[in-house]
Structure formats: C-alpha cells, structure tokens
2 protein chains.
Amino acid sequence: MNIENSIISEIFKEISFSKKEENLIENKLKKLDLKKGVTILKADDKVLNQYYVYNGCLRTYFIDKSGKEHTLQFAINDWWISDYTAFFTTTKAVMYIETIEEATIYQISKKSMEDLFIEIPQLETFFRKKMEKAFASFQKRILANLAQSAKERYVSFINTYPNIEQTVKNYHIASYLGITTETLSRIRKEMSLN
Amino acid sequence: MNIENSIISEIFKEISFSKKEENLIENKLKKLDLKKGVTILKADDKVLNQYYVYNGCLRTYFIDKSGKEHTLQFAINDWWISDYTAFFTTTKAVMYIETIEEATIYQISKKSMEDLFIEIPQLETFFRKKMEKAFASFQKRILANLAQSAKERYVSFINTYPNIEQTVKNYHIASYLGITTETLSRIRKEMSLN
DNA sequence: TGATTTTATTGACATACATCAATTTTCAGC
DNA sequence: GCTGAAAATTGATGTATGTCAATAAAATCA
C-alpha cells in the first residue's frame with residue numbers, strides 16, 4: 001500500500017475500496033502543504049474545490065459591509081472545509097479561508113466529486129452523511145446564538161474545541177462567538193475569578 | 001395517473017420515475033391533514049420521520065432552560081421539515097414542531113428513506129441536494145446573526161418570506177430573529193415612520 | 001536578547017436590546 | 001355585532017455587550 005492509498009483509507013475510513021477505486025480517487029486528490037497565514041479562498045473567487053484537513057488548522061470567515069470579520073468555522077484534523085454555500089450552488093465565494101497554522105490539506109474539485117459519485121456510489125453516501133453532521137452542528141450553533149449568553153457560548157466553545165485556544169487568537173474566537181475581543185477578555189477574567 | 005402519483009411527481013419534480021418506482025415511493029409516504037395548532041413532534045420524542053409540506057405552515061422551535069421559545073425554521077409549501085439533528089443521528093428530539101395554520105403534509109420515515117436510496121439512487125442525490133440547500137440557508141442565517149442588527153435581520157426576513165406576516169404571529173417572527181416581541185414592535189414602528 | 005509589532009487587558013462611557021407593567025388593538029367564538 | 005382572550009404596542013427602566021482609548025503582555029524576528 002503506497003502513501004496515497006493510506007491517505008485515502010484515512011480520509012474515507014468508513015469505506016473499503018477496490019484497488020481500481022482507490023486509483024480513481026487518488027487521481028482526483030491534490031495535496032497542498034501550506035504555511036501559516038495563507039489565504040486559499042477569497043470573497044468573489046469561484047469556489048471549485050473543497051478541502052480535507054490532514055493536519056494544522058484553518059478557518060473560514062466573512063467580512064461584513066463595515067469591514068468586520070466573522071468566523072464561521074474552524075477546521076482541524078479530519079474536517080472538511082470550503083465555502084459550501086458557494087461550492088454547492090456554483091456561485092462566487094462570500095467567505096475567506098485561511099490557514100491559522102501550518103497545514104497539510106487535500107483538495108478535491110466539485111467536478112471530480114460528481115464524477116466519483118457516479119463511479120463509486122458509496123462516496124455520495126459518505127458525503128451526504130458528512131453534510132448531515134455539518135448541518136446538525138450549524139443547527140446547534142443557531143440555537144446557541146438564540147438561547148445563550150456570550151459567556152455560555154464561550155463555555156460550550158471551549159468544551160467543544162478543548163485544545164483550540166493554544167492555536168487560535170482570542171479575536172478569532174470572539175469573531176466566532178459574535179462578540180468583541182474586549183468582551184471575551186472580560187468573560188475570561190470573570191471565569192478565572194470563580 | 002392517480003392522485004398519489006401526481007403528488008410524487010410534485011414532491012420529486014426533478015426526477016422521472018418508472019411506474020414501479022412510483023409505487024415503491026407511494027407505499028412509503030403517509031398523508032396527514034392537520035388543524036392549526038397541532039404539535040407533531042415534541043422534545044424527547046424519537047424522531048423517526050421527516051415531513052413534506054404540501055400546503056399550510058409549520059414551524060420548528062426550541063424551548064430553552066428558562067422556558068423561552070426559539071423558532072428555528074418556518075416551513076411552507078414544498079419545504080421539508082423535521083428535527084434533522086435528531087433525525088440524522090437517531091437521537092431524541094430537542095425541537096418541537098407545530099402547525100401554525102391548517103396543513104397537509106406527507107410523512108416519510110428514516111427507514112423508508114434508506115430503503116428507497118438503495119432501490120432508487122436518484123433519491124439519494126435528490127435529498128443530498130435538498131440538504132445542501134438547507135445547509136446553505138443555515139450558513140446564511142449564522143452569518144446574519146453575527147453581522148447584522150435586529151432591524152437588518154427583520155428586513156431580510158420579510159424579503160425572504162414576503163407573505164409570511166399574514167400567517168405567523170409577531171412573537172413567532174421575534175423568536176426566529178432572536179429578539180423580543182417588544183423590540184420587534186419598535187422596529188416595525190420605526191420602519192413605518194420612514 | 002532587545003526591539004518592534006501584534007495581541008490581550010482594562011477603564012470609562014455609549015447603545016441596542018431586554019424586562020416589566022400598563023394599555024390598546026386584533027381576533028375567535030358565540 | 002358583542003365579548004373575552006390573545007396579541008401587539010407603548011413607556012420607564014435595567015443590563016449585556018459594544019466602542020474608544022490607553023496600557024500591558026506576548027509573540028516575532030533581527
């Protein structure tokens with residue numbers, strides 16, 4: 001088993017492929033080694049790819065009309081990342097994607113995915129299930145925004161991503177939670193007192 | 001073509017089925033005629049089904065620990081509705097679903113869907129694409145909550161659902177936008193002055 | 001290691017929105 | 001059309017979080 005095949009079985013660990021299928025997939029994946037602070041997608045770009053994070057950390061963010069950044073998602077090992085709205089609807093990106101630390105990712109194009117879905121139907125099921133999970137986590141996030149205070153959201157954030165504070169800046173977390181860095185700082189202080 | 005088949009071609013209008021396939025689907029769908037104010041799903045219920053809204057209006061909402069309701073979604077003609085997080089993960093509901101006005105809906109179970117996906121692969125594609133759209137609208141909603149004021153969110157709400165104000169109560173809209181009815185009332189007043 | 005830049009913290013004050021209580025308006029059922 | 005209940009509005013006031021400015025701490029790099 002060569003390196004690429006072991007990656008394939010790592011990415012799609014739920015599925016076992018024939019040698020032929022593995023080769024098919026292998027030809028569609030492109031490995032990218034990225035330094036910290038690299039932007040791989042900008043607003044208005046065409047969104048042709050999604051990315052599998054092998055290691056490192058990336059984030060997607062949105063810049064609103066007043067110039068403020070809002071983090072939609074962090075992606076670490078074994079997560080998929082893209083501007084999915086644009087990716088699915090074949091419209092232009094509204095999001096930016098950047099590496100927060102050095103990262104190795106695998107790129108796959110929409111076209112390749114559609115081809116693969118025809119050749120290997122289990123892949124469609126695989127991505128449908130990934131989508132279902134991502135959908136569920138977005139739902140949870142919407143409910144959290146509606147029902148919880150900034151402090152409560154911060155607490156569930158650090159429970160959900162226990163090690164992420166070593167990697168990401170406070171202003172990334174604040175922009176994910178929908179608060180300012182000052183407010184986050186005050187919440188952290190208050191928590192450290194109790 | 002009997003009544004049921006015309007419903008099937010209405011629900012799955014993008015797909016053309018063989019007679020045999022139509023019969024397969026027909027046997028999995030159950031029609032429900034519901035009065036206004038009927039709850040079809042409660043928190044802690046097992047979520048075995050999703051529902052296609054033929055007409056009328058429903059909403060899914062969440063009750064937080066302080067007893068407040070938060071509307072996640074409205075569903076009108078040609079929308080699918082369920083507590084998807086629970087539906088996908090086969091866990092218990094956290095959401096409630098109720099009719100806001102008289103409605104006709106079609107129920108399909110998770111088990112039936114899985115069976116149908118094997119028999120009719122285009123159905124898996126159909127639902128994957130529905131899921132992608134729903135995912136995109138959730139993403140939009142998260143970004144709106146992060147980036148927009150209550151007034152801006154209200155304006156985009158009435159643009160997205162232009163006729164819904166005739167059907168739903170202000171407190172439904174407020175609970176969808178994450179504000180109180182009083183604040184919504186003040187926003188409406190302010191808008192009527194300009 | 002020290003210099004410089006980036007990030008985080010703190011304080012004073014502003015503001016959007018919530019809360020509570022009192023009306024007013026709308027709606028449903030008779 | 002009348003009556004009571006539900007929904008919406010309004011006013012007074014409270015609070016969580018934002019904004020702006022200053023400083024402190026941490027990270028980067030020559």
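As the structure is a prediction and not an experimental result, all values here were calculated from the model. Chain letters run A, B, ... following the sequence lines, proteins first and then strands; every chain starts at 1.
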Worksheet item: Separation of Q148(A) atom CD from dA16(D) atom C1', in whole Å?
Response: 15 Å
Worksheet item: E165(A) CD to dA27(D) P: how many Å, rounded?
Response: 13 Å
Worksheet entry | Nearest non-hydrogen partners of L58(B) and A103(B), listed with the distance | CD1-CB, 4.0 Å
Worksheet, complete the sentence: Residues passing the side-chain contact (heavy atoms from CB on, under 4.5 Å) test with E21(B), sequence neighbours excluded, are F17(B), S18(B), I120(B), Q122(B)
Worksheet item: Does OP1 or OP2 of dT9(C) have a side-chain N or O of N170(A) closer than 4.0 Å?
Response: yes
Worksheet item: For DNA chain C, which residues in residues 172-182 of chain B have a heavy atom at a distance below 4.0 Å?
Response: G178(B), I179(B), T180(B), E182(B)
Worksheet entry | dT17(D) base / R153(A) side chain donor-acceptor hit below 3.5 Å | no
Worksheet entry | Nucleotide dA16(C), atom P - distance to CD of E152(B) in whole Å | 12 Å
Fill in: Spacing between R188(B) atom CZ and dT25(C) atom P, to the nearest angstrom
15 Å
Item to complete: Specify whether Y52(A) and Y106(A) have parallel, tilted or perpendicular ring planes, treating 30° as the upper limit for parallel and 60° as the lower limit for perpendicular.
Response: tilted
Response to the item:
Rounded to whole Å, CD of E190(A) lies from P of dA8(C) at a distance of 19 Å
Practice prompt. Please name the pair of heavy atoms, one in E152(B) and one in A147(B), separated by the smallest distance, quoted to 0.1 Å.
Written response: OE1-O, 4.2 Å
Discussion item. I'd like to know if the side chain of D45(B) and the backbone of L41(B) have a donor-acceptor N/O pair within less than 3.5 Å.
Written reply: no
Worksheet item: Does dT28(D) have OP1 or OP2 sitting under 4.0 Å from an N or O in the side chain of K36(A)?
Response: yes
Worksheet item: Expressed in angstrom and rounded to an integer, what is the separation of I187(A) atom CD1 from dG18(D) atom P?
Response: 8 Å
Item to complete: May I ask you to verify if any side-chain N or O of T183(A) is less than 4.0 angstrom from the OP1 or OP2 atom of dT17(D)?
Response: no
Worksheet item: With nearest nucleotides of DNA chain D determined for K169(A) and R186(B) from heavy-atom distances, which residue corresponds to the more 5′ nucleotide?
Response: R186(B)
Practice prompt. State whether K68(B) places a side-chain N or O below 4.0 Å from either non-bridging phosphate oxygen (OP1 or OP2) of dT19(C).
Written response: yes
Worksheet item: In a check of side chain to side chain contact (heavy atoms under 4.5 Å, CB included) between F126(B) and each of K130(B), R128(B), E124(B), which one passes?
Response: K130(B)
Discussion item. Rounding to an integer number of Å, can you tell me how far K35(B) NZ sits from dG29(C) P?
Written reply: 11 Å
Worksheet item: Between dG18(D) atom P and L184(A) atom CG, what is the distance in whole Å?
Response: 10 Å
Practice prompt. Let me know which of F87(B), F127(B), F135(B), F138(B) forms a ring pair (Phe, Tyr, Trp, His ring centres under 6.0 Å) with F135(A).
Written response: F138(B)
